[in-house]
Amino acid sequence: MNYSDSERIATVLLKLGYTPAKGFGDADLIILNTCSVKQKAEERIYGLGEQFKPLKEKNPRLKIGITGCMIRQSTGLRRKEGEAIFRRMGSVDFTFRIKELMQLPEILRELHQVEGADDVKDLCSYFHIPQTITNIAQVFIPVMNGCNNFCSYCIVPYARGREESRSMAEVLDETEKAAKRGAKEINLVGQNVNTYKPADADPKNKEAPFAQLLRKIDAIPTVDRVRFYTVHPKDMSDDVIALYGELRTMTPHLHLPVQSGSNSVLKRMNRTYTVERFKELVAKMRARIPHMSISTDIIVGFCGETEKEFMESYDLIKDLKIDLVYVSKYSEREGTLAAREQKDDVPLEVKKDRFRRITDVMRGVSHEYNQQFLGKTVQVLVEKAERGYTFGKIPEYKFVRLKGEKPELIGQYVNVKIKKAMEWCLEGNMTKI
Ligand code: SAH
Ligand code: SF4
């Protein structure tokens with residue numbers, strides 16, 4: 001979501017006449033689009049604040065702004081003394097809530113005396129600002145913003161506010177424009193995509209609006225792959241599951257964040273589903289696509305998590321063969337329900353140890369999963385070329401690398417015969433077949 005938001009900020013800056021800098025050192029303007037899901041992410045931003053001080057001494061024109069989830073109140077210049085972010089980061093000139101991106105031209109008019117982007121000011125939603133696609137192989141299209149769930153550990157509902165869905169017409173229009181520019185894969189994003197509720201949904205159609213949207217995107221002939229993030233297990237509907245195997249664009253991979261394999265922990269997290277529900281969803285998906293890749297998120301060391309409760313998460317990954325896990329050590333976020341009502345009482349050393357154990361078990365599963373591709377020729381959509389390799393993904397969401405940097409292939413398909421299947425990645429050679 002932040003990646004996609006940055007592409008809208010880029011549109012405003014380009015309209016104002018700014019051009020991309022090579023790095024911090026030659027920039028006149030730096031905007032940090034922040035994440036505050038974990039304390040560590042915020043600390044990194046505060047660290048950058050220190051780094052910017054000497055840059056400002058060298059370049060008096062340099063202005064620094066902050067947006068994203070760290071900014072939860074007021075948009076504006078450095079006027080409101082006492083605001084925490086200005087107090088901790090002396091180099092910051094302005095902040096704005098991402099929802100109030102429409103006010104950025106006004107701020108920059110005052111700071112840099114730039115003119116333009118007047119058509120942005122009166123828009124009622126920042127989603128009406130078109131995106132500037134930065135990588136045609138990785139197009140992210142938001143379907144909604146905000147969250148109504150209030151999982152007890154999570155800051156997102158406070159940072160992004162309540163759920164607001166974009167109209168289906170707007171999502172389709174943006175998708176079609178991206179497809180015309182050459183996008184073959186579309187990533188639909190939102191905190192909880194299955195509760196997508198656009199104002200222009202057909203009230204007579206009984207199918208979930210998100211399923212309707214997936215059908216409409218499937219009808220765009222040049223779009224081959226659709227992915228979506230994230231899905232809350234309580235909301236994944238049978239309507240959407242039924243589309244796997246039916247629509248040609250549904251990819252054999254689903255990111256389904258479970259957070260914990262223990263019902264008692266899920267209850268304390270206010271996740272409102274049980275592990276049995278998660279298992280049932282995985283079984284339904286695999287009944288439709290047997291080799292379906294399932295990835296998930298796990299938080300280790302949540303308030304009061306015992307060794308036994310942790311082992312329930314460990315066993316879930318192992319038994320269900322979840323082949324990719326984004327593991328996080330619980331990080332208390334001020335203002336959340338857990339920070340107010342529960343104790344962050346699992347020692348850091350224990351969190352680190354559980355993090356390592358979940359990572360180890362996942363590596364084993366992933367290594368085993370990847371063996372199925374050995375000797376096969378797979379279709380790779382190339383995303384990037386760096387560190388001596390060209391990288392891309394297959395429909396199952398596995399990275400494939402080829403020796404040699406070939407940036408000219410970005411956004412294109414290549415067929416690759418897999419020679420090596422490692423834990424994190426597959427490797428092979430390009431072939432014609
Ligand atoms: N909407 C998604 C999650 C978005 S936040 C969902 O419902 O699953 C992305 C991930 O960050 C979460 O899945 C969780 O694993 C992690 N996360 C969120 N808050 C956290 C916290 N306070 N401490 C540690 N990890 C956290
Ligand atoms: Fe956070 Fe829960 Fe909403 Fe996901 S569903 S964004 S974890 S509150």
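The structure presented is a predicted model; accordingly, all values stated were derived computationally and were not measured. Whatever order the structure lists ligands and atoms in, that order sets their numbers, starting from 1.
One finds no salt bridge joining Glu405 and Arg387 here, because no Lys/Arg side-chain nitrogen approaches an Asp/Glu carboxylate oxygen to under 4.0 Å. Arg215 has no carboxylate O lying under 4.0 Å from a charged side-chain N of Asp218, or vice versa, which leaves the two without a salt bridge. Taking the charged nitrogens against the carboxylate oxygens, Lys393 and Glu185 have no contact shorter than 4.0 Å, which rules out a salt bridge.
Judged by distance alone, the side chain of Glu334 and the main-chain N or O of Ala339 form no donor-acceptor pair under 3.5 Å. A donor-acceptor pair under 3.5 Å is formed between the side chain of Asp323 and the backbone N or O of Ile294. Judged by distance alone, the side chain of Arg401 and the main-chain N or O of Cys425 form no donor-acceptor pair under 3.5 Å.
Given atom 3 (Fe) of ligand 2, the protein heavy atom at minimum distance is Cys147 SG, 2.2 Å. Nearest to atom 7 (O) of ligand 1 among the protein's heavy atoms is Arg271 NH1, 3.0 Å. Shortest contact from atom 5 (S) of ligand 2 to any protein heavy atom: Asn149 ND2, 3.4 Å. Among all non-hydrogen protein atoms, the one lying nearest atom 19 (N) of ligand 1 is Tyr153 CD1, 3.3 Å. For atom 24 (C) of ligand 1, the closest non-hydrogen atom on the protein side is Lys329 O, 3.4 Å. Protein heavy atom nearest atom 25 (N) of ligand 1, with residue, atom name and distance: Ser328 CB, 3.3 Å. Closest protein heavy atom to atom 7 (S) of ligand 2: Tyr153 OH, 3.3 Å. What sits closest to atom 15 (O) of ligand 1 on the protein, heavy atoms only, is Gln259 OE1, 2.8 Å. In terms of protein heavy-atom proximity, atom 10 (C) of ligand 1 is closest to Asp297 OD2, 3.5 Å.
Residue contact check: His232 has heavy atoms under 4.0 Å from atoms 5 (S) of ligand 2. Close approach of ligand 1 to Tyr330 is summarised as follows: ligand atoms under 4.0 Å from at least one heavy atom of the residue are 22 (N), 23 (N), 24 (C). Annotation for ligand 2: atoms under 4.0 Å from non-hydrogen atoms of Pro157 are 8 (S). Near Phe150, the atoms of ligand 2 lying under 4.0 angstrom from a non-hydrogen atom of the residue are 8 (S). Near Pro257, meaning under 4.0 Å from any of its heavy atoms, are these atoms of ligand 1: 8 (O). If you number the atoms of ligand 2 from 1 as listed, the ones under 4.0 Å from a heavy atom of Val156 come out as 6 (S).
Backbone or side-chain N, O or S atoms of Cys151 do not reach atom 3 (Fe) of ligand 2 at under 2.8 Å. Put simply, Cys154 gets within reach of atom 1 (Fe) of ligand 2, with an N, O or S atom under 2.8 Å from it.
Using a 4.0 Å cut-off between heavy atoms, Lys351 makes no contact with ligand 1 at all. Both the backbone and the side chain of Ser331 come within contact range of ligand 1, each with a heavy atom under 4.0 Å. Counting heavy atoms under 4.0 Å from ligand 1, residue Val37 touches it through both backbone and side chain. Within the 4.0 Å heavy-atom criterion, neither part of Glu332 lies near ligand 1.
Contact between Pro142 and Met1 at its shortest, heavy atoms only, is CB-SD, 4.0 Å.
For atom 4 (C) of ligand 1, no protein heavy-atom neighbour is found at a distance under 4.0 Å.
Within the 4.5 Å cutoff, the side chain of Lys329 has heavy atoms near those of the Lys352 side chain. Contact check for Phe310 versus Val350: no side-chain heavy atoms found under the 4.5 Å cut-off.
Going from atom CD of Glu396 over to atom CD1 of Ile289 covers 9.0 Å, rounded to the nearest 0.5 Å. The OG atom of Ser36 lies 4.5 Å from the CZ atom of Arg72; values are rounded to the nearest 0.5 Å. Between the CD1 atom of Ile358 and the OG atom of Ser313 there is a distance of 5.5 Å, given to the nearest 0.5 Å.
Heavy-atom contacts from other residues, nucleotides or ligands closer than 6.0 Å to NZ of Lys184 number more than 12.
A parallel orientation is assigned to the rings of His291 and Tyr369, their planes being inclined by less than 30° (bins at 30° and 60°). Classification of the His253-Tyr397 ring pair by plane angle, with boundaries at 30° and 60°, yields parallel.
For the pair Lys38 and ligand 1, the shortest N or O to N or O distance does not fall below 3.5 Å. Between Gln191 and ligand 1, at least one pair of N/O atoms sits closer than 3.5 Å. Ligand 1 has no nitrogen or oxygen under 3.5 angstrom from a nitrogen or oxygen of Arg333. Considering both main-chain and side-chain atoms, Thr230 comes within under 3.5 Å of ligand 1 through a nitrogen or oxygen pair.
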| query | Can Phe24 and Phe52 be said to form a ring-ring contact (aromatic ring centres under 6.0 Å, His included), step by step? | reply | CA-CA 8 Å; Phe24 289 152; Phe52 293 153; 5.0 Å; yes
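Residue contacts with ligand 2 include Arg271, since one or more of its heavy atoms lies under 4.0 Å from the ligand.
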